[in-house]
Amino acid sequence: MLEMKPLEDAAQVLKWFQEEKIPFREGCGAFAISERGSLLGFCLFLMGKTIRILAVRCQEPALLDGLLRAALNHGSLSQAVEADFSAVTGPMREELGRLGYLKKDPLPIEWFFAACKPCKGMI
């Protein structure tokens, strides 16, 4: 069974931030996707009025989309109104564009969920 949730293991979150060479500070966190205890991907973020996505690692496009949607929903529930993906670079940024996450900059979370419910042809 797939499990997507904010990671509460502070040592693991800090390890990922260090591996990605991203400074950790208050408001930083991680969202993870796993299956039967095996990590499939993670998303590092900085929470505020804008949830700033700092790094994303996930090889499977459908799982990547689910991971990002869960992270954006988490941000929305934490009072974030928009998402900023400007820190994501390289092939992962290209994948975010293909999945529709770069349609607006910053991305209004409410608009994204309303406009992209069916997401036909996005994956």
Side-chain angles (χ1 to χ4, degrees):
M1 175 166 71
L2 283 175
E3 187 175 38
M4 288 182 268
K5 65 181 183 180
L7 190 62
E8 296 179 9
D9 180 346
Q12 182 61 56
V13 172
L14 186 56
K15 180 182 173 192
W16 286 341
F17 271 83
Q18 290 170 340
E19 287 174 359
E20 296 294 326
K21 297 176 177 58
I22 299 170
F24 184 86
R25 63 181 194 252
E26 183 152 350
C28 284
F31 217 88
I33 183 170
S34 60
E35 184 171 27
R36 288 184 225 117
S38 178
L39 180 69
L40 301 175
F42 64 86
C43 172
L44 304 180
F45 59 84
L46 174 63
M47 191 66 73
K49 178 183 173 215
T50 299
I51 181 171
R52 185 157 193 240
I53 306 301
L54 303 171
V56 182
R57 298 290 175 257
C58 187
Q59 296 302 311
E60 176 61 41
L63 296 181
L64 172 63
D65 186 48
L67 174 64
L68 288 169
R69 286 172 180 273
L72 292 183
N73 184 61
H74 175 69
S76 180
L77 293 173
S78 298
Q79 308 307 310
V81 296
E82 59 190 14
D84 173 9
F85 295 94
S86 64
V88 180
T89 60
M92 193 56 62
R93 184 164 183 83
E94 293 171 21
E95 190 64 23
L96 294 180
R98 192 180 76 73
L99 292 171
Y101 288 92
L102 305 178
K103 285 183 177 185
K104 292 188 178 196
D105 183 26
L107 181 70
I109 295 172
E110 187 175 312
W111 173 85
F112 176 77
F113 283 123
C116 204
K117 277 187 180 176
C119 287
K120 292 182 177 150
M122 297 292 286
I123 297 177

Quiz item: Would one find more than 12 heavy atoms of other residues, nucleotides or ligands at under 6.0 Å from atom CD of E19?
Solution: yes
Practice problem: Mind checking the CG-CZ spacing from L40 to R57? Nearest 0.5 Å is all I need. | Solution: 15.5 Å
Quiz item: Rounded to the nearest 0.5 Å, how far apart are CE of M4 and CD of E35?
Solution: 11.0 Å
Quiz item: Apart from V81 itself, what residues make up its hydrophobic cluster, given side-chain heavy atom links below 4.5 Å?
Solution: none
Quiz item: Can you name the closest pair of heavy atoms from P106 and E82 and give their distance?
Solution: CG-OE1, 3.3 Å
Quiz item: How many angstroms lie between atom CG of L68 and atom CZ of F45, to the nearest 0.5 angstrom?
Solution: 12.0 Å
Quiz item: Got a second to check how far I53's CD1 is from S86's OG, nearest 0.5 Å?
Solution: 10.5 Å
Quiz prompt | Linked hydrophobic residues, M1 as query - side chain contacts closer than 4.5 Å | solution = none
Quiz prompt | Smallest separation among heavy atoms of R52 and A87, with atom names | solution = NH2-CB, 3.7 Å
Self-check item: Other ILVMFWY residues reachable from L39 by side-chain steps of under 4.5 Å
Solution: L7, V13, L14, W16, F17, I22, F24, F42, L44, L46, L54
Quiz item: Are I51 and I109 close enough that some pair of their side-chain heavy atoms sits under 4.5 Å apart?
Solution: yes
Exercise. For A70 and F31, work out which heavy atoms get closest and say how close.
Key: CB-CE2, 3.3 Å
Quiz item: Closest heavy-atom contact between K21 and P23?
Solution: O-CD, 4.0 Å
Quiz prompt | Least distance between heavy atoms, A55 atom then E20 atom | solution = CB-OE1, 4.0 Å
Quiz item: Any side-chain heavy-atom pair from F113 and R69 closer than 4.5 angstrom?
Solution: yes
Practice problem: Over all heavy atoms of both residues, which pair between F85 and L102 is shortest? Give the atoms and the distance, please. | Solution: CB-CD2, 3.8 Å
Quiz item: Looking at side-chain heavy atoms only, is the closest gap between D65 and Y101 below 4.5 Å?
Solution: yes
Self-check item: Gap separating the CG atom of D84 from the CG atom of L107, nearest 0.5 angstrom
Solution: 10.0 Å
Quiz prompt | Gap separating the NZ atom of K5 from the NE2 atom of H74, nearest 0.5 angstrom | solution = 12.5 Å
